[in-house]
Every structure is written in C-alpha cells, then in structure tokens.
*Asks:* 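Dumping the structure here so I can ask a few things about it.
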Amino acid sequence: MQNREQWGSKLGFILAASGSAVGLGNIWKYPHMAGENGGGAFTIVYLICILVVGLPIVIAEFVIGRKTQLSPVGAFETVAPKSNWKWVGMLGVASAFVILSFYGVVGGWTLKYTLISLTGGFSQLAGDPEASGTLFDSFIKGALAPILWQIVFMGFTIFVIVQGVKGGIEKWTKIMMPAILVILVVLMIRGLTLPNGTQALDFLFKPKFEDLTASSIVLALGHSFFTLSLGMGTMITYGSYLRKDQNLLSSALWIIFLDTLIAMMAGVAIFATVFAMGADPGAGPGLIFVVLPTIFPKIVGGAIWGTLFFFLLFMAALTSAISILEVITAYFIDEKGWGREKAIIIFGSVVTVVGAFCSLSMGAFNITSFMDISFFDVLDYLSSKYMLPIGGMLTALFVLYRWGVPNFITEMVLGMDDHNINPAVVRILFMVSAAVVGFILLNEIIATITGTPIIG
Ligand code: PFF
C-alpha cells in the first residue's frame with residue numbers, strides 16, 4: 001500500500017475530479033434536458049439537487065477513499081470488514097462497466113463529428129435539419145463506422161490511464177480541463193454576440209414555474225448523480241490517491257462549482273446559437289448532433305466553431321471515460337493484485353466489445369430487441385435511474401449507520417485549517433440526501449410496476 005500512486009498536486013486532483021464530472025452529461029444531456037423541461041425551471045431544480053443531494057455524497061466518497069487508500073470494494077471492506085457493504089463497491093464496478101459501454105459509443109460520435117466539421121462537411125447541412133438528421137441516423141445506425149470510432153475513443157482512454165495516476169490522468173486532465181474552459185468561453189461569447197443570442201439567458205435562467213413538473217424534478221435528481229460521477233465509487237477511487245493534507249470540503253465545492261459552471265456555459269453557448277438562428281430549443285437528444293450542424297455553417301467561421309465545439313465535447317467525454325475505466329482498473333489492481341497495464345488492456349477491451357453491442361443496437365443488430373428498447377438505452381436507463389442512485393443512497397447510509405458520523409468527521413477535517421463541523425448538521429444532510437434519493441427510487445420502481453408514478 002505504501003506504493004500507492006498519488007496525485008502530484010492539489011490542483012491536479014481538483015482538475016482530474018472535475019474532469020470526471022464534466023462530460024457528456026454537462027454538454028450533451030443538460031442542455032437538451034433543460035430545453036425540453038422549461039429551461040429556467042429545470043435549471044433551478046437541478047441546482048437544488050446538486051447542492052442537497054450531490055454535495056454530501058461527493059464529500060462522503062472523497063472521505064471514504066482517502067481514509068482507506070483503496071478503490072470502492074476494498075474501501076467498504078476496510079471500514080466494514082466481513083460485511084455485505086463491499087457489495088456497494090461491487091455495484092460501483094458493475095456500474096462502471098455499464099456506463100462506459102455506452103459512453104464510449106457517444107465518445108466515438110464526438111470524434112467523427114469533429115472530423116466532419118473540420119473537413120467542411122457541415123456546409124451542405126446549413127438550415128436543413130432533415131439532411132442533418134439523415135446524416136446522423138445513417139452514421140449511428142451503421143454497423144462498422146461507429147464501432148471504429150468507438151474503438152478510437154476507447155484507445156485514447158486506454159492511452160491516458162495506462163500512464164498512471166499522476167503521469168497519465170493528472171497530466172492529461174491538466175491540459176484538457178483548461179482547454180475545455182477556454183473553448184467554452186469563446187463559444188459562449190460567439191453565441192451571445194449573435195443577434196437574439198441573449199434570449200438564451202432568459203430561457204435558461206428565468207424560471208417560469210408553471211413549467212415545473214414533477215417529472216422534471218425526478219429527471220434533475222437522476223441527472224445530478226450522473227453529472228457529478230456519483231454513486232459508483234469514482235470519487236472514492238480518485239480520493240484514494242490523496243494525501244491527508246487536501247481540504248476535502250473545499251475540493252468538493254470546487255468540483256461542484258466547475259461542473260455546474262460548465263453545464264451552464266454549455267447551455268448558454270448552445271441556446272444562444274439556437275435562438276440566433278431560430279432553431280427549436282426543445283429538439284431533445286438530437287439538439288447537438290442534428291440541430292447544431294445545421295446552424296454552424298450559417299455563422300461566419302462556422303467550420304471553426306463547429307470543430308471547436310465537437311472537439312470540446314470529445315475532451316469532456318474523454319476526461320470522464322478515463323475516470324470510469326480507472327474504477328475498473330483500480331479494482332483489479334487493489335483486489336486482485338494485477339498490474340495496471342494488464343487490467344487496462346483486458347477490461348478496456350471487454351468494455352469496448354460490450355460497447356460495440358450498444359452501438360449495433362442503434363440499428364444494425366439489437367440484442368435486447370425482445371424488450372422493445374435498444375441495448376444502448378437499457379444500459380443508460382439502468383445506470384442513471386437505478387445503479388447510481390442506489391449506490392449513492394447506500395453510500396450515505398453507510399456513513400450514517402455503519403461508519404458513523406463522528407468517525408467520518410474525524411477523517412474529513414484532516415487537511416482543513418479551521419473547522420467547526422456540527423455532527424448534527426452532517427447527519428441531517430446525509431439523511432435528507434438518502435431520503436430524497438430513496439423516494440425517487442421508490443417512485444421509479446412503482447412507476448415501472450404499476451405504470452403510474454407517485455409523482456412525475
Ligand atoms: N459525469 C460524467 C458526465 O457528466 O458526463 C459521466 C460519468 C463519469 C458518470 C464518471 C459516472 C462516472 F463515474
């Protein structure tokens with residue numbers, strides 16, 4: 001254990017963890033979810049969920065990881081030996097397999113779209129959503145091309161983490177995170193200076209409470225886990241490479257701040273462009289891959305903006321995919337004594353093969369066709385509606401009822417200069433967080449069984 005890899009600097013850790021959080025969830029999912037759920041109203045609920053549910057669990061994961069210096073399975077086993085809590089860790093490793101399988105597919109799409117834009121391919125889509133839709137559909141439904149792009153994307157992921165925690169993950173996120181921020185600022189300014197671009201601000205931030213529905217609350221809650229990479233031990237794993245001098249509270253606040261800031265900036269950049277060109281903000285998941293390619297060529301320098309945008313999306317997806325594969329890798333290193341290279345090559349390949357079935361399920365061959373839903377959607381649905389919320393809720397319950405709030409606080413305050421943490425407040429925060437997630441899970445289960453949710 002004394003050989004465990006460590007982050008090189010406090011900033012490196014914050015950038016790596018926020019790199020995990022900032023991903024397709026922020027730039028692809030949040031804007032289209034907000035677009036379909038009343039903009040400002042959704043944003044407000046999302047922010048509340050992040051603070052009430054997300055913050056306590058981010059901190060819990062960091063504290064558990066740093067305390068045990070182990071990835072999730074070993075971490076739960078160390079604090080609660082010979083109990084069933086290690087299964088929460090196992091659930092995390094399973095979630096990592098599930099999420100990375102479909103995440104890698106979309107990662108491949110971002111690369112393909114970067115290339116299309118770079119080679120001027122959007123120009124014949126100007127103002128023509130139908131042509132753009134056909135291009136996107138025929139690409140993702142193809143058998144070979146999307147799998148090849150997925151393999152390239154997974155190759156980048158493997159390339160980075162094979163180089164280790166400090167020499168790979170930290171080194172590359174330290175380059176990519178600032179690049180993501182700079183590109184977003186540029187795209188946001190570009191969008192806001194287009195005629196009518198500022199309508200985006202009203203749309204995203206002026207809440208119209210009549211638009212607030214129960215289902216948008218449920219959606220926002222599920223999304224807060226996904227966007228913060230919570231409930232599957234990613235933050236436990238990243239926390240396990242920390243020394244005791246890192247202030248975990250301020251680190252968690254930074255990560256939440258950066259994750260939220262980037263989601264909002266992406267929303268502004270995208271909707272400013274959408275409004276300026278009179279496109280439909282409620283276009284759903286196709287907003288980015290179908291609507292934007294029709295808009296970019298209408299803006300001066302469109303090929304540049306389009307390329308920057310999809311490259312930004314690629315980097316954001318990559319820094320997240322790295323963290324997901326690291327959860328699997330760290331499990332095999334910590335628990336099975338494998339070498340890093342062996343774990344990454346074997347499981348990077350396994351995930352890529354499962355991912356290929358996700359990609360095929362978009363059109364060519366769907367192994368879950370008997371369920372009337374694509375394999376891709378099955379994995380997405382399973383992970384964001386069940387696996388991550390269950391993992392997150394159990395993590396909160398673990399701190400409350402197994403580890404104990406006083407022990408938790410003893411570890412948490414290491415690295416904090418001045419602290420005055422009230423155990424009762426901590427207990428309440430975890431209880432509220434676990435209760436809210438528990439209710440939403442119950443709601444989802446009831447909805448699945450009876451067809452009518454309690455809310456939503
Ligand atoms: N947070 C990432 C996103 O918003 O795209 C997705 C993700 C990464 C989920 C890592 C879970 C995880 F462990």
Side-chain angles (χ1 to χ4, degrees), residues 15-34 46 49-50 53-54 57-58 60-62 65 71-72 88-89 91-107 109-110 153-154 157 160-161 169 173 176-177 180 184 219-240 252 255-256 258-267 285 288 312-331 347 351 355 379-392 395:
L15 289 179
S18 37
S20 169
V22 172
L24 295 168
N26 306 59
I27 301 165
W28 178 45
K29 283 191 169 182
Y30 163 72
H32 83 69
M33 284 176 170
Y46 170 82
C49 289
I50 295 270
V53 180
I57 298 177
V58 179
E61 291 205 12
F62 284 163
S71 54
V88 182
L91 177 69
V93 179
S95 308
F97 273 103
V98 168
I99 296 180
L100 192 52
S101 298
F102 70 84
Y103 209 84
V105 174
V106 184
W109 298 353
T110 64
F153 179 82
M154 289 301 297
T157 310
V160 171
I161 77 167
I169 304 176
T173 41
M176 288 192 277
M177 285 303 288
I180 289 171
L184 257 184
L219 200 68
L221 188 90
H223 186 59
S224 55
F225 276 92
F226 188 84
T227 190
L228 291 173
S229 309
L230 292 183
M232 53 169 265
T234 308
M235 296 306 182
I236 295 182
T237 307
Y238 273 19
S240 76
I255 286 148
I256 289 191
L258 282 172
D259 187 69
T260 310
L261 177 76
I262 290 184
M264 301 298 133
M265 284 170 62
I288 276 177
L312 151 87
L313 195 57
F314 158 68
M315 287 192 293
L318 183 60
T319 53
S320 299
I322 289 167
S323 71
I324 310 178
L325 190 54
E326 181 63 17
V327 171
I328 303 173
T329 306
Y331 167 73
F347 289 99
V351 169
L379 298 191
D380 185 6
Y381 177 82
L382 254 185
S383 52
S384 46
K385 293 259 170 150
Y386 290 102
M387 299 174 88
L388 299 185
I390 290 175
T395 304

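Just so you know, ligand 1 is whichever comes first in the structure, and atom 1 is the first atom listed for that ligand. Positions are given from 1, in the same order as the sequence printed here.
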*Asks:* Would you say Phe153 and Trp109 make side-chain contact, with heavy atoms under 4.5 Å?
*Replies:*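 No - every pair of side-chain heavy atoms lies 4.5 Å or more apart.
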
*Asks:* Under 3.5 Å, is there a donor on one side chain and an acceptor on the other for Ser229 and Ser20?
*Replies:*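 Per modelled atom types, Ser229 and Ser20 side chains form a pair under 3.5 Å.
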
*Asks:* Looking at side-chain heavy atoms only, is the closest gap between Ile328 and Phe97 below 4.5 Å?
*Replies:* yes

*Asks:* Are any side-chain N or O atoms of Tyr103 and backbone N or O atoms of Leu24, one a donor and one an acceptor, separated by less than 3.5 Å?
*Replies:*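 Here the side-chain-to-backbone pair exists.
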
*Asks:* Anything under 30° is parallel, anything over 60° is perpendicular, the rest tilted; go ahead and classify Phe102 against Phe226.
*Replies:* parallel

*Asks:* Mind telling me whether His223 and Tyr30 have parallel, tilted or perpendicular rings, with 30° and 60° as the class edges?
*Replies:* parallel

*Asks:* Check ligand 1 for close polar pairs with the protein: N or O on both sides, less than 3.5 Å.
*Replies:*
unit_1: ligand 1; atom_1: 1 (N); unit_2: Ser20; atom_2: O; d: 3.2
unit_1: ligand 1; atom_1: 1 (N); unit_2: Ala21; atom_2: O; d: 3.0
unit_1: ligand 1; atom_1: 1 (N); unit_2: Phe226; atom_2: O; d: 2.8
unit_1: ligand 1; atom_1: 1 (N); unit_2: Thr227; atom_2: O; d: 3.1
unit_1: ligand 1; atom_1: 1 (N); unit_2: Ser229; atom_2: OG; d: 3.1
unit_1: ligand 1; atom_1: 4 (O); unit_2: Ala21; atom_2: O; d: 3.1
unit_1: ligand 1; atom_1: 4 (O); unit_2: Gly25; atom_2: N; d: 3.3
unit_1: ligand 1; atom_1: 4 (O); unit_2: Asn26; atom_2: OD1; d: 3.3
unit_1: ligand 1; atom_1: 5 (O); unit_2: Leu24; atom_2: N; d: 3.0
unit_1: ligand 1; atom_1: 5 (O); unit_2: Gly25; atom_2: N; d: 2.7
unit_1: ligand 1; atom_1: 5 (O); unit_2: Tyr103; atom_2: OH; d: 2.5

